[in-house]
**Student:** 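Before I ask anything, here is the structure I am working with.
All values below were derived from every heavy atom in this structure, side-chain atoms included, with hydrogens, water molecules and symmetry-related copies excluded.
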Amino acid sequence: MNKNEVLKKYFGHSSFRFGQGEVIDHITSGEDCLSVMPTGAGKSMCYQIPALILEGVTVVISPLISLMKDQVEALVQSGVPAAYINSSLQVHEYYSVLKNLSLGAYKLIYVAPERLLVEDFLALCKQLTIPLVAVDEAHCVSHWGQDFRPSYLKITEFVASLPKRPVLAAFTATATEAVKRDIVDILGLNKPFKITTGFDRENLYFEVRSCTSSEKDALLLNILRSAEGRSAIVYCSTRKNVELVCSLLQMNGINAARYHAGLPDEERKKAQEDFIYDRVSVIAATNAFGMGIDKSDVSLVVHYNMPKDIESYYQEAGRAGRDGSPARCILLYSKSDVRINNYIIDHSHEESELSEKEAEEMRERDRERLKQMTFYSTTKRCLREFILRYFGEKTGSFCGNCSNCNASFDTVDITISAQKIISCIYRMKQRGMVATRELIADILTGRSSDSAAKALSTYGIMSNEQPSRVLGLSEYLISEGYMIQNENGCDITPLADEFIRARRTLLMKQPKSNVVPSAPAKTAESDIDAELYDRLKTLRKKIAATLGVPAYVVFTDASLREICQKQPLTTQEFMNISGVGSIKAERYSKKFAEVILGYRKEKGI
């Protein structure tokens, strides 16, 4: 079979997403690849389809136990023989997988990087035909990635030990240019085909709600109640906040579980499975949860605390709407989040194998990333444009699907205030003073008691403003390139010099008071028969329970909505539904058609 036939038969799609077909062609022609594709863009098919075309068994390396389980279950339901090897297997299960692997029972074997050099697994791999090694979450190989894992350094030794070098294909959702270079160099990719497909997720609605720490609980409850019981993830920056948020939700009648690294393994496993199998609708978690979670029907991701970098935020927010359905990503931002993240960064890498110099370099890199994340949380620009620009992608300045684009703004002339802030920094630098944003605000508003500060001509010239207002203006000037901020405080840029000399007007947008940004009017279920959809969901849940798999493994929400809209009655008609291949159509079409026919008869249709 060619790639299009495999796509239709096993995965039920008639066409590839942008970039998928190219990657598959290069892999099947024997070329190494580096693919940077956002969460939900279909990276897994880029190695699953070649695995079904090439002779032998493909090894997929992933650090994500939950992803392995989810993907293997989904592959088996689609008629693809696959298995995984990781720490979740019992001893007898492990040897059963090895035996089946030796007999050629699988087309894909998922392996945790820690298991690659285990003697019996390595010995077996030397006897197998392995045409392709796919490295998922490939940014983990780089010290400069946001999630470096030393076990990834074992991959090159594993590949070198094989009798014949396989094709190497590396995949990641986010990677800077430095991380891309590391992936190529450290994994030893040979003149790889490189592709970055773009980071935009058009189905995701982005929103930032600025608030105080004390306002977050009420905001969170309102947001979750509006989700009407759909699957939602609430990310918190600390274990303590996970505990508090989970208790808050449960006390208010929301079916929620908790997940963080401080819990016993069994409790974490149960919480994850309860969420995946829809026994709870909301999970409160640290970023330890979600890596590789393949749950396609998450309709809402709320960040109770601001993450420490945009890479992490976009990856975590991207766990919403993986099936292409409309979904919301909401960040609750308060200034205390910045302090918490700075504390976490200051105490990071303390027990690592890095030298103190290397550790401090990484902390400084993390501080710069936190600064960009703070700019995102306070910007008045299009949120989607801010994210895409961060990843080096050019886009329009209005997306129509974020809280800033949908909010009502006043345009404010901040020319005089900006001139005062720039002038204050200039005079502080003349006197050899460290111009922190806080000190600048205190000097301009006349609140500093320092004698050197009081001697400045700019002291008190904004006494009618609150320090918080001056801090907000300085944040805006930094984000727009008029100021820079580092360990030596703030300084002005050539753009600020040009602004002063040219006497230009500087305008800033700010939300109108008492105006709440409007969310997208259309929901995923707004254009389907709700009663029939509920009946189809009930049948899907029953089948999934019988099989012991999550409901979305039977049919994704997107496929189920299309079934509800088109109401297919034959196996062939089911095969025309996106995401329904021939195996699933043969297995499930009769039962779902019976529900559709029964409903139509009952309604006299």
Side-chain angles (χ1 to χ4, degrees), residues 6 23-35 43-65 67-68 71-72 75 80-87 89 93-142 149-172 180-194:
V6 171
V23 174
I24 291 167
D25 286 340
H26 283 275
I27 289 174
T28 53
S29 65
E31 295 179 57
D32 289 355
C33 289
L34 169 57
S35 302
K43 292 187 295 293
S44 58
M45 283 191 191
C46 292
Y47 55 79
Q48 290 170 350
I49 290 177
L52 290 166
I53 294 172
L54 299 168
E55 182 182 349
V57 58
T58 288
V59 175
V60 181
I61 300 168
S62 172
L64 314 173
I65 291 175
L67 176 139
M68 295 184 195
Q71 290 204 2
V72 167
L75 286 168
V80 179
Y84 58 82
I85 292 175
N86 58 45
S87 59
L89 295 181
E93 293 174 322
Y94 170 66
Y95 284 107
S96 176
V97 170
L98 287 188
K99 181 179 179 181
N100 290 333
L101 183 60
S102 68
L103 296 173
Y106 306 126
K107 288 299 292 179
L108 293 102
I109 183 76
Y110 286 73
V111 186
E114 296 83 4
R115 300 280 169 149
L116 288 172
L117 301 182
V118 173
E119 187 175 345
D120 46 10
F121 175 74
L122 187 58
L124 177 56
C125 285
K126 291 177 181 179
Q127 302 171 27
L128 300 174
T129 299
I130 300 176
L132 169 64
V133 171
V135 183
D136 203 9
E137 307 293 340
H139 61 272
C140 294
V141 79
S142 171
R149 296 180 186 236
S151 58
Y152 261 57
L153 301 178
K154 299 178 180 180
I155 294 173
T156 51
E157 186 177 345
F158 169 75
V159 171
S161 71
L162 299 175
K164 182 180 179 182
R165 185 189 185 278
V167 172
L168 276 176
F171 300 88
T172 181
K180 290 179 188 177
R181 288 193 295 271
D182 266 2
I183 292 171
V184 173
D185 294 341
I186 296 172
L187 291 180
L189 301 185
N190 182 23
K191 298 179 181 178
F193 168 70
K194 301 175 186 177

**Student:** Without placing hydrogens or testing angles, list every side-chain donor-acceptor pair under 3.5 Å for residues 106-122, not counting sequence neighbours.
**Tutor:**
unit_1 : atom_1 : unit_2 : atom_2 : d
Tyr106 : OH     : Asn100 : ND2    : 3.1
Lys107 : NZ     : Ala51  : O      : 3.3
Lys107 : NZ     : Leu54  : O      : 2.7
Lys107 : NZ     : Gly56  : O      : 3.0
Tyr110 : OH     : Gln48  : NE2    : 3.1
Tyr110 : OH     : Gln71  : OE1    : 2.6
Glu114 : OE2    : Ser151 : OG     : 3.3
Asp120 : OD1    : Tyr94  : OH     : 2.7
Asp120 : OD2    : Tyr95  : OH     : 3.3

**Student:** What pair of heavy atoms forms the shortest contact from Leu189 to Cys33, and how long is it?
**Tutor:**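 Taking every non-hydrogen atom into account, CD1-O, 3.8 Å.
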**Student:** Return yes when atom CD of Glu93 has more than 12 non-hydrogen atoms of other residues, nucleotides or ligands closer than 6.0 Å, and no otherwise.
**Tutor:**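 For Glu93, atom CD is crowded (more than 12 foreign heavy atoms under 6.0 Å).
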**Student:** Under a 4.5 Å cut-off applied to non-hydrogen side-chain atoms, are Val135 and Ile155 in contact?
**Tutor:**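 Yes, at least one pair of side-chain atoms sits under 4.5 Å.
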**Student:** To the closest 0.5 Å, what do you measure between CG (Asp182) and SG (Cys140)?
**Tutor:**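 Nearest 0.5 Å value for the CG-SG distance: 12.5 Å.
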**Student:** Kindly compute the distance separating CD1 (Ile24) from CG (Leu52), expressed to the nearest 0.5 Å.
**Tutor:**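 The CG atom of Leu52 is 10.0 Å from CD1 of Ile24, to the nearest 0.5 Å.
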**Student:** How close do Ala82 and Val72 get, counting heavy atoms only, and between which atoms?
**Tutor:**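 Nearest heavy atoms, Ala82 then Val72: O-CG1, 3.6 Å.
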**Student:** By the definition side chain to side chain contact (heavy atoms under 4.5 Å, CB included), identify the one residue from Val6, Leu75, Ile49 that meets it with Val80.
**Tutor:**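 Testing Val80 for a side chain to side chain contact (heavy atoms under 4.5 Å, CB included) against Val6, Leu75, Ile49 leaves exactly one candidate, Leu75.
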**Student:** Rounded at 0.5 Å granularity, tell me how far CG in Leu187 sits from CG in Asn190.
**Tutor:**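 If we round to the nearest 0.5 Å, Leu187:CG and Asn190:CG are 12.5 Å apart.
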**Student:** What's the spacing between Ile183 CD1 and Lys194 NZ if we round to 0.5 Å?
**Tutor:**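 Spacing of CD1 (Ile183) from NZ (Lys194) equals 10.0 Å.
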**Student:** Return the minimal non-hydrogen interatomic distance between Ile27 and Pro50, and the atom names on each side.
**Tutor:**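 Looks like CG2-CB, 3.7 Å.
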**Student:** So, for Thr172 and Ala138, which heavy atoms are closest and what is the spacing to 0.1 Å?
**Tutor:**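 In this case the closest contact between Thr172 and Ala138 is CB-N, 4.1 Å.
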**Student:** Please report the interatomic distance CG(Leu153) to OG(Ser142), rounded to the nearest 0.5 Å.
**Tutor:**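 Output value for this atom pair is 10.0 Å.
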**Student:** Check whether the side chains of Asp136 and Ser62 place a donor and an acceptor atom closer than 3.5 Å, and report yes or no.
**Tutor:**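 Side chains of Asp136 and Ser62: no pair found under 3.5 Å.
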**Student:** What pairs of donor and acceptor atoms, side-chain ones from residues 160-167 against any protein atom, are under 3.5 angstrom apart with sequence neighbours left out?
**Tutor:**
unit_1 : atom_1 : unit_2 : atom_2 : d
Ser161 : OG     : Phe158 : O      : 2.6
Arg165 : NH1    : Asp32  : OD1    : 3.3
Arg165 : NH1    : Asp32  : OD2    : 3.3
Arg165 : NH2    : Asp32  : OD2    : 2.7
Arg165 : NH2    : Gly188 : O      : 3.2

**Student:** If you define the side chain from C-beta out and look only at heavy atoms, does anything of Leu98 sit under 4.5 Å from Leu124?
**Tutor:**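 Yes, side chains in contact.
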**Student:** Got a sec, which residues hit ring-ring contact (aromatic ring centres under 6.0 Å, His included) with Tyr47, two or more places apart in sequence or on another chain?
**Tutor:**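 For Tyr47 the ring-ring contact (aromatic ring centres under 6.0 Å, His included) partners, ignoring immediate neighbours, are Phe171.
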**Student:** Are the side chain of Ser102 and the backbone of Lys99 linked by a donor-acceptor contact shorter than 3.5 Å?
**Tutor:**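 At least one qualifying donor-acceptor pair exists.
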**Student:** Rounded at 0.5 Å granularity, tell me how far NE2 in His26 sits from CZ in Phe193.
**Tutor:**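 Here the interatomic distance stands at 4.0 Å.
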